[in-house]
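Each remark here refers to the structure printed beneath this line.
These numbers come from the heavy atoms of this one structure, side chains and all, not from hydrogens, waters or symmetry mates.
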Amino acid sequence: MALSLRTSLLLPRPCFHSSLSLFFYSSKTSEPNPTAEYLINHHHFSPEAAFKASSTIAHLKNPAESDLVLSFLKESGFSKTHLEGVIQKIPRILCANLDTSIKPKIKIFQDLGFSDSDIAEIISSDPWILWRSADNRLGPALLVLKSILGCNADVCKLLKLCGRYLQHDLEKSLRANMELLKSLGIGSTQLVKYLFRFPRLYLHKQETILEFVERVDKMGFDRNSGMFISAIGVISSMRVETWELKMKLFQSLGISEKDVFAMFRRSPHVFGISERKLKEVVDLLVSAGKFDIPFVINNPELLMYSVEHRLKPRLKVLEILEKKNLLDETPKLTTFCKYSEQKFAERYILPYANELGKHMSYEC
């Protein structure tokens, strides 16, 4: 055994470049992969990124053109991470014509005042932008977004969430849908706010949005409620089958359909929670012995909190403070859990540090 170990230590080890060569060959054909080698040697891509990018383009017809494209993107503010992400998602950008396919798209953003870092972030989040018409799609879409959102920072934020906005005629989709939702009594400020929460909602066909509205109306929603647009957004984000599964889950926990609708009216975002999370929170609250299903129905916002990082530690603090009779009155659990980490510590941890004991390890 010792001889074997010693012998293995004396064996020559392959150099780094030899190990990299494994990435230059196809597992099926054992043929060289010049595209991967080119990306690593000329543009310092990681082997993993280079090999993935080369999976659809094993041979570059004109590496000089690829050099021009990649060099231009670097000069335009794209980092190595940006470039690797873009080329992995759309390898054929390596074969694009710089003057007709790439430069006009970058120029549209620059002319509208977007910074190099913003442009790199937007395009790397959705590289298909480089395959859209600069004059017929990108320019008009960016102008509509800027007119609605008011600043490039918010346009950039939205496009990183949903690059699909640059695929659409936004006068016919986004702006028309905002007018439709305004006609239902939803204010402009709310509509802009929910662009960031449910960006895809505004790209649906109008008849589809009206179907969402009809479903929300059937649950007894008041259109003047601030939660009306939130409910439409939640409904738009899940398939009918998913909604039905959530309904069955709530009913399996002993909550009637009528009460599920009541919960939805109070806190529509509850329906975005996973089945596992819903069960964990309900089980935790009920097992505490002080809360029951009606309490959960009346306080659905509690279902949104983390079990491990918010509910369990705060319930533990509440339990200790009550046992030691340190509270003049028991706070509402919703208020108790709603406090920020700092405010909670100032109000319930620091004043009772000695009573809580050193063994009490608390994290919000």
Side-chain angles (χ1 to χ4, degrees), residues 11-112 114-134 137-139 141-142 155-157 159-167:
L11 288 174
R13 297 182 180 179
C15 70
F16 177 69
H17 293 293
S18 297
S19 63
L20 282 184
S21 67
L22 293 174
F23 287 95
F24 304 154
Y25 294 86
S26 164
S27 59
K28 293 183 179 180
T29 64
S30 296
E31 293 180 356
N33 189 325
T35 300
E37 188 170 1
Y38 160 80
L39 290 171
I40 293 171
N41 292 339
H42 290 264
H43 295 282
H44 310 294
F45 274 44
S46 69
E48 294 80 7
F51 191 72
K52 184 175 180 180
S54 67
S55 62
T56 56
I57 302 179
H59 298 273
L60 293 173
K61 292 181 180 180
N62 192 342
E65 286 287 340
S66 301
D67 278 336
L68 290 174
V69 169
L70 292 172
S71 295
F72 174 76
L73 291 175
K74 289 177 187 176
E75 293 167 4
S76 300
F78 284 67
S79 66
K80 176 175 174 284
T81 302
H82 289 141
L83 287 177
E84 287 184 343
V86 167
I87 302 304
Q88 285 183 84
K89 290 176 183 175
I90 310 182
R92 63 180 174 140
I93 286 176
L94 292 169
C95 305
N97 183 287
L98 175 61
D99 292 326
T100 60
S101 297
I102 307 297
K103 282 186 176 181
K105 319 302 169 57
I106 302 295
K107 188 175 185 301
I108 284 286
F109 285 95
Q110 291 172 337
D111 289 347
L112 289 172
F114 287 87
S115 68
D116 287 348
S117 59
D118 284 343
I119 297 170
E121 287 289 330
I122 291 169
I123 292 177
S124 62
S125 67
D126 183 10
W128 284 104
I129 289 170
L130 295 174
W131 245 252
R132 291 162 197 153
S133 168
R137 188 63 74 211
L138 296 184
L142 288 169
V155 173
C156 184
K157 179 181 175 182
L159 291 178
K160 283 191 279 187
L161 290 172
C162 185
R164 291 175 57 189
Y165 274 88
L166 298 182
Q167 297 178 27

- Message: Less than 3.5 Å apart, any donor N or O on the side chain of His43 or Lys80 sitting next to an acceptor on the other?
- Response: no
- Non-hydrogen side-chain atoms of Ile93 and Leu130 separated by less than 4.5 Å: yes
- For Lys74, does the NZ atom have more than 12 heavy-atom neighbours from other residues, nucleotides or ligands under 6.0 Å away? yes
- Might you point out which heavy atoms bring Ala96 and Ile102 nearest each other, and give the distance in Å? CB-CD1, 4.1 Å
- Rounded to the nearest 0.5 Å, how far does OG of Ser124 lie from CD of Gln88? 12.0 Å
- Note on the structure: Of all heavy-atom pairs linking Pro34 and His59, the shortest is CG-ND1, 3.4 Å
- Min side-chain heavy-atom separation Leu159-Phe114 under 4.5 Å: no
- Query: What is the distance from atom CG of Leu60 to atom OG1 of Thr35, rounded to the nearest 0.5 Å?
  - Reply: 4.0 Å
- Message: Are the side chains of Val69 and Ser66 in contact, using a 4.5 Å heavy-atom criterion?
- Response: no
- About how many Å separate OG of Ser79 and CG of Asp116, when rounded to the nearest 0.5 Å? 12.0 Å
- Where do Thr81 and Leu83 land on the side-chain contact (heavy atoms from CB on, under 4.5 Å) test, with the steps shown first? CA-CA 5 Å; Thr81 302; Leu83 287 177; over 6 Å; no
- Item | Any side-chain heavy-atom pair of Leu73 and Ile123 under 4.5 Å | no
- Message: Taking the side chain as everything from C-beta on, heavy atoms only, tell me whether Glu65 gets closer than 4.5 Å to Cys95.
- Response: no
- Query: Do the non-hydrogen side-chain atoms of Gln110 and Ile119 ever get within less than 4.5 Å of each other?
  - Reply: yes
- Message: For a 4.5 angstrom cut-off between non-hydrogen side-chain atoms, does Leu166 reach Trp128?
- Response: no
- Message: Assess the residue pair Glu121 and Lys160 against the criterion (side-chain contact (heavy atoms from CB on, under 4.5 Å)); give the C-alpha distance rounded to whole Å, side-chain angles, the decisive distance to 0.1 Å, and a yes or no.
- Response: CA-CA 7 Å; Glu121 287 289 330; Lys160 283 191 279 187; 3.8 Å; yes
- Query: Cationic tip of Lys103 within the cone over Phe72's six-membered ring, i.e. under 6.0 Å and within 45° of the normal?
  - Reply: yes
- Working for side-chain contact (heavy atoms from CB on, under 4.5 Å), residues Asp99 and Leu68: CA-CA 10 Å; Asp99 292 326; Leu68 290 174; over 6 Å; no
- Given the options Lys89, Arg132, Lys105, Asp126 meets salt bridge (Lys or Arg N to Asp or Glu O under 4.0 Å) only with Arg132
- Apply the test side-chain contact (heavy atoms from CB on, under 4.5 Å) to residues Val155 and Tyr165: give CA-CA distance (whole Å), side-chain angles for both, the deciding distance (0.1 Å), then the verdict. CA-CA 10 Å; Val155 173; Tyr165 274 88; over 6 Å; no
- Message: For Asp118, give me all partners under salt bridge (Lys or Arg N to Asp or Glu O under 4.0 Å), at least two apart in sequence or on another chain.
- Response: none
- Query: Taking all non-hydrogen atoms of both residues, which atom of Ala120 and which atom of Phe78 are closest, and how far apart?
  - Reply: CA-CZ, 3.8 Å
- Note on the structure: Output for pair (Arg92 CZ, Thr56 OG1), nearest 0.5 Å, gives 10.0 Å
- Is it true that the side chains of Ser54 and Asn33 contain a donor and an acceptor less than 3.5 Å apart? yes
- Note on the structure: dist Ile90:CD1 -> Ile129:CD1 (nearest 0.5 Å) comes out at 9.0 Å
- Task: Could you tell me whether Lys52 and Glu48 have a side-chain N and a carboxylate O separated by less than 4.0 Å?
- Result: no
- Task: Would you give the length of the straight line joining atom CG of Leu161 to atom SG of Cys156, rounded to the nearest 0.5 angstrom?
- Result: 10.0 Å
